[in-house]
Structures are given as C-alpha cells and as structure tokens.
K.L.:
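Sharing a structure here in structure tokens format.
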Amino acid sequence: MSKTEAEKACGQENSRNHEHHDEHDHKNSHDHKHDCGHSHGHGHSHGHGHSHDQACGHDHNHNRDCSHDHGHDHDCGHHHDHECNHHHHEHEHHHTEEIPSVSVYTHDMAVVGSVRCRISGTYEAALDRLQSCMAQAAGAVESAGGLIGHVKAYAKEEARSCMLSITEGEDIQKKDVCGNGIYAESASIVFGVTTEVLENILREAFAEYLV
Amino acid sequence: MWEEAGRGSALWQTRRKVGVEMMKMIILGGFLGAGKTSLMLQMARYLVGEEQETAAKVVILENEIGEVSIDDKILAGRGFEVSTMFSGCVCCTTAGELVSNVYRIQETFHPEWLILEATGVAYPLRIKENIERSVRLKSGRIFCVADAGRWFRLRKAMEAFMRDQLDQADVIFINKMDDVDEETLKQVEESVRDFNRTGKCIPVSAIHPIEDAVWRQVFEEPGEGDA
C-alpha cells in the first residue's frame, strides 16, 4: 500500500507507526537476534516498547510509557527479566487479561481496538447486550467515515458455581449460583479513523461495562 | 535453530544438507472478515482425512493482531491444537518470530502440512518469502480468500492493498458466493483477475460443506493433497 493510501485509509499522518493507547498491562517482548540481523519480539509476546525495521519496509514503533511493572501470564510458565526503554521490569509470562480494559493501536493502516469486559445477566441477555455494543461500535465507525475490517467478539459464560453450607449435622444447604453473566473479549479492526476516535467509540459503546 | 547456528555457518549448512522432514506449507491470506478461518477448518479436515489419530499431520499456526484473539478459541473449540502468534503481523512486525516458530513446528511435530492463517492485514507473499529464506520446505503455496459480498467496496477503498494481498496467490477462493447473484460473482472474478491472472479462482461458500472434488481441484498438483 502506498503511503498516501495508508494515510488516507488510516486518517493519521504517520500510520506506519504503531501507537498504543491503553490502560492495562501488556505482555512484554524478548528481544533476540535472527538471521536478518535485527531484534524481534519473541515467544507468546505482545511486542511493545521496541522498534522494528524489517523486510516489509515499514517502521513499526510501539510507543508506550514503561514506568510501571508489567505482570504477564503466558503459557510458557517461566520468568523473564528484561529491559524496556531503560526501565527494568520483572514480569511473569502470563496473560493478565485485566477486566475491564480498552486498548487501541495502529498496525500499518489498520486501527486495532480491543475491549475486555464482563456483562451481567443471563447468558442470552448478556449476549444480546454484547451484540448491541458491537453494533453500536460498528455503526459509529461507519458514521465517522471509517471502514470496518471486522468487529468480532468471543463470549464465555462465567462458570456456574454453587454455595454449600452445613449448620447442623449432615444437613447440607446448596444454593446454585448461575447466570451471572459473560466474560467478553471484542476485537475491532477498522480503517479510516484515528486511534482516538476508535477509542472513544469503544468506550461509549461499552460504557456500561467498563466501570 | 538456523539463526542460532548462524546462517551460512558450518552447522547451518550441515543441517540444511541433512535436512529435517520437509513439510508442505500453505499460507492462507485474505482481508478481514473474508472467511479465512471457516475455510481453513474445512481444508484442515480434508487434509487430515480419515487419519484423525494422526494428530500432527496438519499443524495450524494462527496469527492475529490485537490484544485479544478470537479465531484461536474457535479452532481450539473444534478440537485443534492451535499455536497462536498475536499482537503482531507475521509479514512484518513479528517476521523473525514467525521463522522461529515455523522451524520449531517442523522440528517438533514433523507435520506433513503447515497451514498458516495470516492476519487480515498481512501480505502473504512477504510471509512466504520470509519463511523460504530461512526454512527448507517441500513446497510453499499461497491461498487467498476474497469476500464476494464486499469485494467491490473494499477494492474501491483499498485497491493497492487488495492487489498486494492477492499477489502471486496460487488459489483464490471467492467466498460467500451465496451473498451475490451469478452475474455479480462473475464480475468479482473478473475484478480479482485484474490483480492475479494466474491463480485458480474458486467460488465457494465456506459456511457450507465444501465438496472433496473442490479440494482435489485445489490440491491437484503432483505430490500435493495426497491426504
């Protein structure tokens, strides 16, 4: 894609940089060397705070403040110490999936937004609410002159649980606790709007579930 | 790993000569929402065939961008073990990581097939070139999925991008053929041909079962698809 087209589609002056606007912990990258002679984020990592200059000819810069610790849970189950923008971080390599959270960044010409939230109610009612949020976000992107790549979500019903209690003898009181709601993750990839616009759209659409 | 041995080093050369069991790679590209995952599920099932117990015959490498991944959960829910690379696109930001992972998959699982589902914003040709520079494969092919229903709108908005995505694709699935009438489908195919004159264009509807005859057409080259 030509720069002009990318900028036009993205609506940002420098759409080839990845700029992160988020409010939650990130998974860190582990720099290592490859044949191509430069560093890449490695493993099940979300690369941030580093810069790539690779064969694709794009500069991909993840700009973010690294003045805080990042706790991350990944499957590899080991610990990494690393340096990130001259700050030392110690982090667990796991996904934290902080809830609720909203993050938005650019990838080349695409604007990528992610939302994690909990929606209460029965499974069906919570799904309806999630669909409404997604439809509102999608409509708002188009109203803002943007183009939708996709707005996707994955919803998982919160585990059914039960309270058990004995107050006398073997008489067990059981109370099922179910239909608490869903845990939802939504991924939006759009074009032609700025990160700020998409972030505002997502915050507005999911406002009820981001508090 | 090749990079640990150092490209061009004696160890690297030795490993290249000895080789590992070479796998066949399919890079599945196409724009966001085109139906890559739906199509891939059917393709993987076709390639696995009756040998369901041969778990490592097909390995799927999923690439997603963003803080949350969706497709890998869908694939995992269908019984596949999925390796996901996300938060970076393997055609650029995580190209080195991709090479490492492809090599690791070949070394660990020795699959017959590797299907790499690219992000909807990736350029499959770049991915292929990146991998083939460092990993020895039996074959590497690019399959792209185009959304018949949205084709003209997307082409209008992002023509250069669409052209680059389809560049040198061996097979182009024109998906969601049911969403358009026959005449429009024909126009979509002609329009796709503007960007890729040599690939096979195959109209499909990936939400419905795709017949084996279609897959045989896709894999009809000698040595391919003998699942």
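Only this structure's heavy atoms are used, side chains among them; waters, hydrogens and symmetry mates stay out. Chain naming here is simple, since letters A, B, ... match the order of the sequence lines and numbering starts at 1 in each. Quantities reported herein were computed from a predicted structural model and do not represent experimental measurements.
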K.L.:
Look up atom CD in B:Glu67 and atom CZ in A:Arg116, then write down how far apart they are to the nearest 0.5 Å.
P.N.:
6.5 Å
K.L.:
Verify the neighbour count for atom CD of A:Glu142: are there more than 12 heavy atoms of other residues, nucleotides or ligands below 6.0 Å?
P.N.:
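Yes, the 6.0 Å shell around CD holds more than 12 heavy atoms from other groups.
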K.L.:
Looking only at non-hydrogen atoms, find the nearest pair between B:Val68 and A:Ser114 and report the distance.
P.N.:
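Residues B:Val68 and A:Ser114, closest heavy atoms: N-OG, 3.8 Å.
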K.L.:
How would you list, by chain and number, every residue that makes a side chain to side chain contact (heavy atoms under 4.5 Å, CB included) with B:Glu129, sequence neighbours excluded?
P.N.:
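Expected list: B:Leu125, B:Arg133.
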K.L.:
Tell me every residue that passes side chain to side chain contact (heavy atoms under 4.5 Å, CB included) with A:Asn200, counting only those two or more places apart in sequence or in another chain.
P.N.:
none
K.L.:
Side chain, backbone, both or neither: which part of A:Ser188 has a heavy atom under 4.5 Å from chain B?
P.N.:
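Contact with chain B: none, neither part.
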K.L.:
Taking the side chain as every heavy atom from C-beta outward, state whether B:Leu154 and A:Leu147 have any atom pair closer than 4.5 Å.
P.N.:
yes
K.L.:
With B:Phe31, which residues qualify under ring pair (Phe, Tyr, Trp, His ring centres under 6.0 Å), at least two apart?
P.N.:
A:Phe191, B:Phe161
K.L.:
Can you tell which part of B:Arg163 gets under 4.5 Å to a heavy atom of chain A, answering side chain, backbone, both or neither?
P.N.:
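Contact with chain A involves no heavy atom of B:Arg163 at all.
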K.L.:
Looking at A:Ile189 and B:Ile65, what are the two nearest heavy atoms and their distance?
P.N.:
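Of all heavy-atom pairs spanning A:Ile189 and B:Ile65, the closest is CD1-CG1, 3.7 Å.
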K.L.:
Heavy atom to heavy atom, less than 4.5 Å: which residues from residues 148-156 of chain A reach chain B?
P.N.:
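The list, in residue order, reads A:Ile148, A:Gly149, A:His150, A:Lys152, A:Ala153, A:Tyr154.
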